[in-house]
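All values below were derived from every heavy atom in this structure, side-chain atoms included, with hydrogens, water molecules and symmetry-related copies excluded. In what follows, residues are counted from 1 in the order of the sequence shown.
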Amino acid sequence: MKYTSHLPLLFLTLGLLSACTTAPRRSAPVVDRLPAADNRVPRPVDEGKEERGMYTVKKGDTLIRIALDHGQNYRDLVVWNNLANPNDIKVDQVLRVIPPDNVVISKIDMPPPSEPKKPTPPPAPDVVRKTSPRADKRPYSDAALAELQKGEGGTSKPEPKPADKPEREAHPPAVVVAPPPVVAPGTTVSATDDDKLSWMWPSDGKIVATFDEGKNKGIDIAGKAGQQVMAAGAGKVMYAGSGIRGYGNLVIVKHSNSLLSAYAHNRSIVVKEGQSVNKGQIIAEMGDSDADTVKLHFEIRQQGKPVDPSRFLPNR
């Protein structure tokens, strides 16, 4: 019975406690502050920087590598981007890789072709023509022959059949037509999709690696140290040096505004930047610079993108 008498007091105490904890407090109003938060968020990168013709420098990039990947001369990139030092480019730096609108790229002046010319037909032998009327035919006699020779100013011996001479003279001398030069199968081929450039193999040797866009950007040709490396087509040397990691001593020849070829791992380079070269001209000696074996790594790039050289090189 004692427990029952205390129950009202217990309920009264609990009610007072709950009133003290809930009555004075009111929930604070919820204010939408998203606009203010948005003002503090950094502005996104300007999308114009990623437009066509612009490139953002990544870790490990060099200006020469960027130029090669976009089919440009690294010296042009220096001018287009006002670079004081071509070796000082920063990660996330945005570079122009196509000419500005106010810059006109002049067409590459190709050297005169070194293709063998067609043989010139030999000149026709001079034929002494008669000045007397051809219809004046006389019967054969020693006196008539002597008179004819005297009239022509000649002292040659009598011909056995002078009667045949008018018949031969009635026809003009035959013109000797030289046959067209014989081209060995597989010597050259034309890239019909780019100004019909003529190509040849840059060196002799076994192909030890074929084109694979994901793994190998060109073909590898095995050979001996010092073996001749020749320009696969006429053009102008765009680069000659060792500034791209993985390529060793490298030569890049530009053949048109969209096509270039690259020759890597050379032992030595025998041409200079800006030099015009003919198809088949020696540009380097095969070696193993930045490679594990002696070989030539050969690439053809179209608009900076590696393409399969077999599309341009002749069969062999």
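- Taking both residues in full, the closest heavy atoms of Val94 and Met54 are given as CG1-CE, 3.8 Å, listed atom of the first, atom of the second, then distance.
- Judged by distance alone, the side chain of Trp201 and the main-chain N or O of Ala232 form no donor-acceptor pair under 3.5 Å.
- Distance alone, capped at 3.5 Å, places no donor-acceptor pair between the Asp220 side chain and the Ala209 backbone.
- Side-chain contact between Gln303 and Leu260 is absent, with no heavy-atom pair separated by less than 4.5 Å.
- In terms of modelled atom types and a separation under 3.5 Å, the side chain of Ser203 and the main chain of Gln228 share a donor-acceptor contact.
- To the nearest 0.5 Å, the span separating CD on Gln93 from CG on Asp88 amounts to 8.0 Å.
- Closest approach of Val78 and Pro86 over heavy atoms only: CG2-CB, 3.7 Å.
- Residues Tyr247 and Glu299 bring a donor and an acceptor atom of their side chains to less than 3.5 Å of each other.
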Can Gln281 and Met230 be said to form a side chain to side chain contact (heavy atoms under 4.5 Å, CB included), step by step? CA-CA 5 Å; Gln281 181 175 338; Met230 298 165 288; over 6 Å; no
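- Remark: Lys305 does not engage Asp69 in a salt bridge, criterion side-chain N to carboxylate O under 4.0 Å.
- Salt-bridge annotation for Arg75 and Glu273: present, with a side-chain N of the basic residue lying under 4.0 Å from a carboxylate O of the acidic one.
- Side chain of Asp308 to backbone of Phe211: no donor-acceptor contact under 3.5 angstrom is found.
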Give the C-alpha distance, both sets of side-chain angles, the deciding distance and a yes or no for side chain to side chain contact (heavy atoms under 4.5 Å, CB included) between Leu313 and Phe298. CA-CA 11 Å; Leu313 298 177; Phe298 175 70; 4.0 Å; yes
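- Smallest separation of non-hydrogen atoms from Trp199 and Lys279: C-CD, 4.0 Å.
- Taking the side chain as every heavy atom from C-beta outward, Ile283 and Ile269 never approach each other to under 4.5 Å.
- Between the side chain of Ser289 and the backbone N or O of Asn249 there is at least one donor-acceptor pair closer than 3.5 Å.
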Asp92/Val57 under side chain to side chain contact (heavy atoms under 4.5 Å, CB included): CA gap, chis, key distance, verdict: CA-CA 5 Å; Asp92 294 332; Val57 178; over 6 Å; no
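- The CD1 atom of Ile252 lies 9.0 Å from the OG atom of Ser261; values are rounded to the nearest 0.5 Å.
- Residues Met238 and Gln72 fail the side-chain proximity criterion, which asks for heavy atoms closer than 4.5 Å.
- To the nearest 0.5 angstrom, Lys224 atom NZ is 11.5 Å from Asp204 atom CG.
- Exactly one residue among Met286, Glu285, His265 makes a side-chain contact (heavy atoms from CB on, under 4.5 Å) with Val229. That residue is Met286.
- One finds the CG atom of Asn87 at 8.5 Å from the OG1 atom of Thr62 (value rounded to the nearest 0.5 Å).
- One distance of note links CG of Leu250 with OH of Tyr263; it measures 10.5 Å at 0.5 Å rounding.
- Inter-residue side-chain proximity for Leu63 and Leu95 is flagged as met; some heavy-atom pair is nearer than 4.5 Å.
- Remark: side-chain polar atoms of Asn216 are not paired, donor with acceptor, to backbone N or O of Glu213 under 3.5 angstrom.
- Asp61 places a side-chain N or O within 3.5 Å of a backbone atom of Lys58 that can act as its donor or acceptor partner.
- A donor-acceptor contact shorter than 3.5 Å links the side chain of Asn81 to the backbone of Leu77.
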Run the side chain to side chain contact (heavy atoms under 4.5 Å, CB included) check on Val277 and Val253 step by step: do they pass? CA-CA 8 Å; Val277 294; Val253 177; 4.0 Å; yes
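- For the pair Tyr239 and Ile64, the minimum side-chain heavy-atom distance is below 4.5 Å.
- Annotation: side chain of Tyr74 is not in contact with side chain of Leu83 (no heavy-atom distance under 4.5 Å).
- By the 4.5 Å heavy-atom criterion applied to side chains, Pro202 and Ile221 are counted as neighbours.
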